[in-house]
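Presented below is the structure to which this report refers.
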Amino acid sequence: MTLENKKLLTYTLIAFVFAFALRLIWVAQFSDNKDFYWNDQIMINTNDGYWFAEGARDILAGTHQDNDLSPITHPMAKLTALLATILPFSFETIILYMSAFFGSLLVIPIMLLGKSIKELDAGFIGALLGSIAWSYYNRTMTGYYDTDMLNIVLPTFILYSMVQAIQVQKNRYLILIPFFIMAYQIWYHGSYSLNFAFVAIMVLYTLVFERKNVFFYKTILFMSVAMISTYLLLKVLIVLALFYYFHTNKKVNLKFIWALIAATIIFILISGGLNPILVQLKSYIFRDVSSNEQSLHFYNVAQTVREAGKIPFETFANRISGSRLMFIASFGAYIMLLFRFRIMLLSLPMVALGFLAYVGGLRFTVYAVPIMALALGYLVVMTSRNIKNTKLKYLFVAFAMLFILFPNIAHIIAYKVPVVFDAKEVKILSDMQKYTSKDDYVMTWWDYGYPIRYYADVKTFVDGGKHAGDVNYPVSLALTKPQELSANIARATMEYDESAFKEKRAGSYIKMMMKDYNVFSGGELIDLMSASALKLPKKTADIYYYLPMRMLSIYQTVELFSNIDIDTGKMGKSPFFYQTTHIKDMGSKIDLGRGIYLDKAKGSVNIQGKEIPLAMFITTKYNQFQKLDVNKQVINVSGNLIAIFMRDYGRFLILDSNSFESTYIQLFVLENYDKNLFEPVEINPMVKIYKLKI
Ligand code: MN
């Protein structure tokens, strides 16, 4: 082994151990928190992770249910199942540590990039920083079981393979580039734009700087082959055949390569390789063309997510480099790096995508991390070379490293994200397996979909991926409208979900219902579904309502999705719903925060100076037999608001009559269920589960 390779290996190992070890801080912080453990292991901290975990679990079990949305073909689920089969660790351990392991692999392509430009020391500093930098850490920390664990590693490998191929201009490196591009394609379906940008920058680079160099055209050819949308095996065969051809024919005519590139482009066009881009263009150009079919209007999730908008510069800089100063330094360093190594221009797609975060939202910053880290490493090394005194030189490097790494390590220590569900709630979910069938449905908000499917192995109406406005609509109705409507719409939606799957019918279940029941407006549908004698589709599975305490804090969001006139798209008047744990007894008044006071003497609520009479005052309290006592006090029959004091929860609710009548409030807060429609199966202060009787 050459001395250089020994150094490369040592540096890489040290950087990997460093990156992995820092990811154990989170584990250590919660290692004695019982609420974080399930099956003797700390649980994961990302909601979406439970989707992949469900898929992996089902692959290992060799079975899953029709229409249960389990991602058994997802590469992440497959990789997890493979690891669970070959490694001596528990499934829970594997999903907990996969992100820490794969995320730390980022040190390898950063080190290799350093080697390609013959700046190993810069690569080492870059690897240390890049692998733990703020936004990269957040998305590859222990327990962040998501595709993110390789979403930066793979494109950094693509960049390395491009740079390395160009640096040495040897045919064998040409195989590496399509290999990494294809790996990224398989891993992450959103990889298309970045892969496309890599091809584009290579074409530009060639046209500007290397128009006469045959090797560059070969590189473009190999990259283009990877972009064809066809069977993986076919692409691998083409790559190998091309390599064999170039390997045995040293002198190749440039025109011949052009012809091959042209053929590949035609192949890309025919195979629909440009479709992802065309689809986007179409959605821009034909934004508001609705079909002849009667169109309904639903409320969309995107509308509830706070506008992506601009992020403050400080957040942007912190997330890429750990601090503003280091970001500015690495930006300067990056410019320097580009001047010194023109080939690093190939990194522009990743850096540009990262900088897009400044206007397009936080989630992109992470793409700029490895390059900016390498650049900063280069700046430190360059500066140290100008320091003649050896002692001073080492002192400088040590201080620089401290400055670079410290803000990021401080962030890691402070970043104490909790697990998704705590152990008590998971126990309730896991116990559901005893009384449910795997084909039963759980009615709850989409936020809880994936973890519920993982722990209880049931089906859900909505989840982290299935929550378009039209699918959320009936779920929102079921949770925030009166019980009769709730029960009917839940049963109808579940049966339409199943029959649409079996009959391969696409489209909104609401539309199908309207057609089958012969109703022509949203209002009519609500009236129909509120009728107690409604003829419903034949029941094929049970439905359980999963009503957690935590839904209190998102109740208003849940309600929004059905507070819309689906014929016109007009939003209804927002109901009054206020919940708080801020309760301050001031004698005759109770201060409930936000300028809201409950006047005990007058029996009214004062909302920012406006006095509104109370209709009822309700206190709920668990008695010594763990039964909920509900004490109702009618105050003013013509009152508009209802106050509920949930004594054991230390919570106050102020509701209007619509919110008060909602199935969630009646079933969770008051346990006042319609005995013809619901049957309680699990009553716990944290979660209440009811079985639908119809
Ligand atoms: Mn299942």
Side-chain angles (χ1 to χ4, degrees), residues 14-50 52-53 80 83 87 89-107 127-150 152-153 315 318-323 326 362-363 365-366 369 373 401-427 429-430 447-448 450-451 454-455 549-550 553 686:
I14 294 173
F16 181 83
V17 170
F18 171 81
F20 193 83
L22 278 162
R23 281 167 173 77
L24 296 179
I25 290 176
W26 180 81
V27 178
Q29 282 171 335
F30 293 110
S31 62
D32 42 52
N33 188 335
K34 282 260 174 302
D35 286 340
F36 276 44
Y37 279 81
W38 184 250
N39 277 351
D40 301 320
Q41 187 54 271
I42 296 182
M43 291 178 280
I44 60 174
N45 49 41
T46 167
N47 201 314
D48 289 0
Y50 281 114
F52 306 113
T80 309
L83 293 175
L87 295 176
F89 308 118
S90 75
F91 188 80
E92 265 72 19
T93 303
I94 286 170
I95 63 171
L96 179 69
Y97 287 104
M98 264 176 81
S99 51
F101 178 83
F102 287 104
S104 300
L105 290 181
L106 182 64
V107 302
L128 293 178
L129 170 61
S131 61
I132 62 152
W134 200 305
S135 59
Y136 187 68
Y137 172 80
N138 288 3
R139 287 170 55 172
T140 55
M141 65 185 290
T142 304
Y144 203 90
Y145 174 63
D146 199 319
T147 48
D148 282 338
M149 64 178 76
L150 283 176
I152 305 304
V153 175
T315 315
N318 280 347
R319 290 181 60 97
I320 291 177
S321 305
S323 66
M326 284 307 133
L362 281 182
R363 61 199 201 88
T365 50
V366 69
V369 164
M401 297 286 285
L402 205 66
F403 253 104
I404 292 170
L405 297 178
F406 180 74
N408 295 290
I409 296 175
H411 164 69
I412 290 174
I413 293 170
Y415 196 61
K416 292 182 180 170
V417 271
V419 295
V420 180
F421 273 9
D422 80 19
K424 292 186 216 91
E425 205 165 343
V426 169
K427 171 85 169 71
L429 284 171
S430 173
D447 298 32
Y448 322 121
Y450 291 148
Y454 177 68
Y455 288 116
M549 198 215 19
R550 59 172 89 214
S553 54
M686 274 175 80

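Since the model is a prediction, treat every value here as computed from it, not as a measurement.
Checking side-chain atoms of Ser131 against main-chain N and O of Leu128 turns up a donor-acceptor pair under 3.5 Å.
How far CZ of Phe18 is from OG of Ser104: 10.0 Å, rounded to the nearest 0.5 Å. Atom-to-atom distance recorded for His411:NE2 and Ser135:OG is 8.5 Å, nearest 0.5 angstrom. The OG1 atom of Thr46 sits 6.5 Å away from the CD1 atom of Ile44 when rounded to the nearest 0.5 Å. Interatomic distance, Asn39 CG to Thr93 OG1, rounded to the nearest 0.5 Å: 9.5 Å. The CG atom of Leu87 sits 11.0 Å away from the OG atom of Ser90 when rounded to the nearest 0.5 Å. Here the CE-CZ distance, from Met98 to Phe102, works out to 5.0 Å after rounding to the nearest 0.5 Å.
Under the ring-ring contact (aromatic ring centres under 6.0 Å, His included) criterion, Phe101 pairs with Phe16, not counting sequence neighbours. Taking Glu92 as the reference, nothing meets the salt bridge (Lys or Arg N to Asp or Glu O under 4.0 Å) condition, with sequence neighbours excluded. In this structure Arg550 satisfies the salt bridge (Lys or Arg N to Asp or Glu O under 4.0 Å) test together with Glu425, sequence neighbours excluded. Residues forming a side chain to side chain contact (heavy atoms under 4.5 Å, CB included) with Thr315 (at least two apart in sequence, or on another chain): Pro312, Arg319, Leu362.
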N/O donor to acceptor pairs below 3.5 angstrom from side-chain atoms of residues 24-34, sequence neighbours left out:
| unit_1 | atom_1 | unit_2 | atom_2 | d |
| --- | --- | --- | --- | --- |
| Trp26 | NE1 | Val417 | O | 2.8 |
| Gln29 | NE2 | Ile413 | O | 2.8 |
| Ser31 | OG | Ala28 | O | 3.1 |
| Asn33 | OD1 | Asp35 | N | 3.0 |

For residues 140-147, tabulate all N or O donor-acceptor pairs below 3.5 Å that involve a side-chain atom, not counting sequence neighbours.
| unit_1 | atom_1 | unit_2 | atom_2 | d |
| --- | --- | --- | --- | --- |
| Thr140 | OG1 | Arg23 | NH2 | 2.7 |
| Thr140 | OG1 | Tyr136 | O | 2.6 |
| Thr142 | OG1 | Arg23 | O | 2.5 |
| Tyr145 | OH | Thr80 | OG1 | 2.6 |

Worked verdict on Gln41 versus Phe89 for side chain to side chain contact (heavy atoms under 4.5 Å, CB included): CA-CA 11 Å; Gln41 187 54 271; Phe89 308 118; over 6 Å; no

CA sep, side-chain torsions, deciding dist, call: Phe20, Tyr97, side chain to side chain contact (heavy atoms under 4.5 Å, CB included): CA-CA 10 Å; Phe20 193 83; Tyr97 287 104; 4.3 Å; yes

Val369 vs Ile152, side chain to side chain contact (heavy atoms under 4.5 Å, CB included): CA-CA, chis, key distance, verdict: CA-CA 9 Å; Val369 164; Ile152 305 304; 5.9 Å; no

For side chain to side chain contact (heavy atoms under 4.5 Å, CB included), just list the numbers for Tyr455 and Lys427, CA-CA rounded to whole Å, side-chain angles, deciding distance to a tenth of an Å, and then say yes or no. CA-CA 9 Å; Tyr455 288 116; Lys427 171 85 169 71; over 6 Å; no

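Side-chain contact between Pro451 and Asn47: present, with at least one pair of heavy atoms (C-beta onward) separated by less than 4.5 Å. Here the side chains of Tyr448 and Phe421 are in contact, with some heavy-atom distance below 4.5 Å. Val420 has its side chain out of reach of Tyr454: every pair of non-hydrogen atoms, C-beta onward, lies at least 4.5 Å apart.
In terms of heavy atoms, Asn408 sits closest to Ala133 at OD1-CA, 3.5 Å. Across all their heavy atoms, Ile95 and Ala53 have their closest contact at CD1-CB, 4.2 Å.
Counting non-hydrogen atoms of neighbouring residues, nucleotides and ligands closer than 6.0 angstrom, the CZ atom of Phe91 exceeds 12 such neighbours.
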